[in-house]
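Order of the sequence lines fixes the chain letters, A, B, ..., with proteins taken first and strands second; residue numbering starts at 1 for each chain. Quick note: numbers below take in every heavy atom, side chains included, and nothing from hydrogens, waters or symmetry partners.
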Amino acid sequence: MGMPQLELLAQRNTRGIENNSRNHPFQANFETLNMQRGLDSQLELSRPLLLQMMILMATAPPPKFSLPLIDKKSRGKHSFQSKYVFFSNKPYPKFDPLTPNLHFSYDTVLTPASPAQAKEKKITDWNTKIYEVCEMGNIHKAIELLYMSPKTEIESRTYCSILQLSAELKSLQDGKKVHSFICSSGISIDSILGSKLVFMYVTCGDLREGRLIFDKIRNEKVFLWNLLMNGYAKIGDFKESVYLFREMLDFGVEVNSHTVSCILKCFAALGSVKEGKWVHGFLLKLGFGSYNAVINSLIAFYLKIRRVDVARKLFDELSDRDVISWNSMISGYVANGFSEKGVELFKKMLFLGVDVDLATMVSILQACANCGDVSLGRAVHGSGVKANLHWKTTFCNTLLDMYAKCGVLDGAIRVFDLMGVRTVVTWTSLIAAYAREGLSDEAIRSFHEMDREGVSPDIFTITTVLHACACNGSLENGKDVHNFIRENDMRSNIFVCNALMDMYAKCGSMEDANSVFLEMPVKDIISWNTMIGGYSKNSLPNEALSLFGDMVLEMKPDGTTLACILPACASLASLDRGKEQIT
DNA sequence: ATAGGGTTAG
């Protein structure tokens, strides 16, 4: 696009933003789009140009990520366009004039035969009827017809089409009905029908049943292996996924790019550095490198094991980077503590005109929070509103958190007030925002309000609100939360217990802290340090020292432990003990 | 043909 057009567009869009600022509650007015700190610092791009780019970015067509959602929903409804897929390559011969006896012929449709004849056709042609109903996405009708039909007449691929539909509608209930019908019909479950059954079960979230069938029909089709591996990865059972991968190799299945991206994700999650690198080598050998998704997963793998340098090298060498490559790299920088680098890459992205989406914005907002760069944060806010991202809870949650972390509490509250859907993350972020500003009463009030609104707190919420109580020294509120923990059976969580002990210690009740400590099923170094430090700070040096003695029997103290114990030694004037700890 | 890579709070 030539420069004049760019300017024209920018002008038009400026007005757009101004209009928006009047109408939209977020008030992303143009003044707030100043990017002094965020964008001026790197001189490679001039400020006006960047501004224009931000605007351009903001007016980009609705981001792609929303489209698949719509697509999926409208499938099946747009009945005649949707094509249900079969394992068989042969299409259904519906309306095929050459086979008038087996299926509806043009004759049947255009010039109905005698009523008796037509009736008979309708009754005998169960397979075609069911197929057609499936094509229209009517699962209930399909199953109704299935129940009405004589079992011996239903063909394998008819079952496949209903199973496919059940999978698309994620209706495990209907899929199960079809499965039991198949079992009672006595038809043999061959590899095609079996695959469809596995596909249905995995898609509908019943991995166990899917696996049972998979194990029975085990074959070398890579698709099914990938499907199950992915299913396990999705529920966080990475070990099972890796197990399947090894089996797959033993079985002689030829892996493909889907397999590779899945296994890399698993290795990253399990922290299996050596194995992941082995996959990298494997890729180099096999020349899989041209697949974008594969390199992207490799980049994500290296970022997760904190090898930012390797990831960046892969990123730089990648010839056609897509938005996911950029997002991976940016979020990786942010997650590894290089927020400035993330922002730098973001600017480059804008400069090159790469489409920005929700994930990009979320990462950049995080980066803003980390750097305290509220100016850039506001710019992203404005752009997000323009791009209609403010309907996305994720975006608003991150935005809220960004304002809070930058110390702009009222900004955070405004975002909160205007949000349509508030999840547990939203509430937790708000509570943390209050706690951060030392407004513990407000934090606790929000906690109760959240409860009234019917949003259940999770362990993050609990630790946050306990922290608020601790800062406030409000034992009463803390005990309230403790009751909540007991009622909701969160006592076995180590983070919750550590936060509870810290709260009690800061509120001056070491007895309560100790009873939590004693009941803990598993203790980590933070548990010990919290207790020892608590005794120290509450002027109970003997208890601190005695607990320290217990601790060294179980685990190695760290620097924090020493920092906690030394004041106790000092207060006891126990030089010998103090020396003992140091050596 | 069906699947895959990046996204929020302590």
Side chain of [X] - closest among [options]:
X        : options              : value
A/Val294 : B/dG4, B/dG10, B/dA3 : B/dG4
A/Asn226 : B/dG6, B/dA3, B/dT8  : B/dA3
A/Val425 : B/dG6, B/dG10, B/dA9 : B/dA9
A/Lys405 : B/dT8, B/dA9, B/dA3  : B/dA9
A/Phe460 : B/dG10, B/dG6, B/dG4 : B/dG10
A/Thr464 : B/dG4, B/dT8, B/dG10 : B/dG10
A/Thr463 : B/dG4, B/dG10, B/dT2 : B/dG10

Mind calculating the distance between [atom1] ([X]) and [atom2] ([N]) to the nearest angstrom?
X        : N      : atom1 : atom2 : value
A/Met349 : B/dG6  : CE    : C1'   : 10 Å
A/Asn292 : B/dG4  : CG    : C1'   : 12 Å
A/Asp401 : B/dG10 : CG    : C1'   : 11 Å
A/Asp458 : B/dA9  : CG    : P     : 13 Å
A/His390 : B/dT8  : NE2   : C1'   : 18 Å
A/Asp524 : B/dG10 : CG    : C1'   : 13 Å
A/Leu228 : B/dG4  : CG    : C1'   : 15 Å
A/Gln366 : B/dA9  : CD    : C1'   : 10 Å

Just to be sure I understand the geometry, which residues of residues 255-265 of chain A put a non-hydrogen atom under 4.0 Å away from DNA chain B?
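Only A/Asn256, A/Ser257, A/His258, A/Ser261, A/Lys265 qualify.
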Select base, sugar-phosphate, or nothing to describe what [X] touches, counting heavy atoms under 4.0 Å on all strands.
X        : result
A/Asn230 : sugar-phosphate
A/Ile459 : base
A/Arg436 : sugar-phosphate

Phosphate OP1/OP2 of B/dA3: any A/Lys234 side-chain N/O under 4.0 Å
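No.
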At under 4.0 Å, does any side-chain N or O of A/Lys392 touch on OP1 or OP2 of B/dT7?
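No.
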Relative to the ring of A/Trp427, is the ring of A/Phe416 parallel (under 30°), tilted (30 to 60°) or perpendicular (over 60°)?
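Plane angle over 60°, so perpendicular.
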Sub-4.5 Å side-chain heavy-atom contact between [X] and [Y]:
X        : Y        : result
A/Ser195 : A/Ile217 : yes
A/Val343 : A/Val334 : no
A/Val253 : A/Leu249 : no

Does the side chain of A/Asn397 come under 3.5 Å of the side chain of A/Thr394 through a donor N or O and an acceptor N or O?
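Note: A/Asn397 and A/Thr394 side chains miss the donor-acceptor criterion.
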Pairs in or reaching into residues 427-444 of chain A: which pass salt bridge (Lys or Arg N to Asp or Glu O under 4.0 Å), with residues at least two apart or in two chains?
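Sorted pair list: A/Glu442-A/Arg445.
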Can you tell me which residue among A/Phe315, A/Phe351, A/Phe346, A/Tyr333 is in a ring pair (Phe, Tyr, Trp, His ring centres under 6.0 Å) with A/Trp326?
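The single option meeting the ring pair (Phe, Tyr, Trp, His ring centres under 6.0 Å) with A/Trp326 is A/Phe315.
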Can you confirm whether or not the ring centre of A/Phe301 sits under 6.0 Å from the ring centre of A/His280?
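Judged by ring-centre distance (under 6.0 Å), A/Phe301 and A/His280 do not meet the cut-off.
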